[in-house]
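Report on the following structure.
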Amino acid sequence: MTPRSTRTPLDPFTARVLSVVRRIPPGRVATYGDVAELAGRPRAARAVGNIMGAGGQPDVPAHRVIAAGGALGGYGGNESLKRALLMAEGVTFRGARVHPFADLRWAPARTGRRRATPAR
DNA sequence: GTGTTGACGCCTA
DNA sequence: ATAGGCGCCAACA
């Protein structure tokens with residue numbers, strides 16, 4: 001089980017991805033591309049998918065990470081479960097896509113990012 | 001070090 | 001709307 005969590009200490013990017021996903025609130029979703037961008041690698045959507053599939057941790061709501069355009073994306077072969085989990089949180093679907101995607105799509109609150117080093 | 005795989009994304013037909 | 005192709009990045013053999 002979790003062949004990776006017990007091996008590598010987690011690279012910065014991977015840790016960042018998990019951190020981002022953890023912040024996605026219930027009833028909201030984020031695309032693999034969104035997570036990748038928030039993690040610092042806008043083109044690493046595929047890598048994010050791999051990281052999700054790698055298992056991650058129980059406190060990481062991977063089911064809230066979907067594909068672009070509101071598509072469901074994968075879930076270890078249990079897409080129906082992923083969809084059920086989202087619906088249970090209030091996410092509505094329109095066919096195979098979340099709807100309204102624009103409103104359900106989550107974006108981090110930018111409560112005014114303060115720099116650690118208060119520009120002297 | 002290289003090669004393959006994969007819960008992706010976007011473009012073109 | 002469906003199918004195929006290319007690019008992207010990280011994990012693993």
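In the text below, chain A, chain B and the rest are named by the order of the sequence lines, each starting its count at 1. Keep in mind that what you see is a predicted model, and the values were worked out from it rather than measured.
Computed from coordinates, the A/I51 CD1 to B/dT5 P distance equals 20 Å when rounded to whole Å. A/R43 places its CZ atom 14 Å from the P atom of C/dG7, with the value rounded to the nearest Å. The distance between atom CZ of A/R83 and atom C1' of B/dA7, rounded to the nearest whole Å, is 17 Å. One interatomic measurement links the two molecules: CZ of A/R97 to C1' of B/dG9, which rounds to 12 Å at whole-angstrom precision.
The backbone N or O of A/I24 lies less than 3.5 Å from a partner atom in the side chain of A/R64, making a donor-acceptor pair. Between the side chain of A/E37 and the backbone N or O of A/P42, no donor-acceptor pair lies under 3.5 Å.
At a cut-off of 3.5 angstrom, the base of B/dG9 holds no donor-acceptor pair with the side chain of A/R46.
Listed nucleotides: B/dG9, C/dA10, B/dA7. Nearest to the side chain of A/A67: B/dG9. The listed nucleotides are B/dA7, B/dG9, C/dC9; the one nearest the side chain of A/A45 is B/dG9. Counting only heavy atoms from C-beta on, A/N50 has its side chain closest to C/dA10 among B/dG9, B/dA7, C/dA10. Of the listed nucleotides (B/dC10, B/dC8, B/dA7), B/dC10 has the atom at the smallest distance from the side chain of A/A68. Among the nucleotides B/dC8, C/dA11, C/dC9, the one closest to the side chain of A/D11 is C/dA11.
Note on A/R41: a side-chain N or O is less than 4.0 Å away from OP1 or OP2 of C/dA10. Distances shorter than 4.0 Å separate some side-chain N or O of A/T14 from OP1 or OP2 on C/dA11.
Among the heavy atoms of the strands, none lies under 4.0 Å from A/A36. At a threshold of 4.0 angstrom between heavy atoms, the contacts of A/A47 include nucleobase atoms, whether or not backbone atoms are also involved.
A/E79 and A/L72 make their closest contact through O-CD2, 3.3 Å (heavy atoms, listed as atom of the first residue, atom of the second, distance).
Side-chain atoms of A/V21 and A/I51, non-hydrogen and from C-beta on, never get closer than 4.5 Å to each other.
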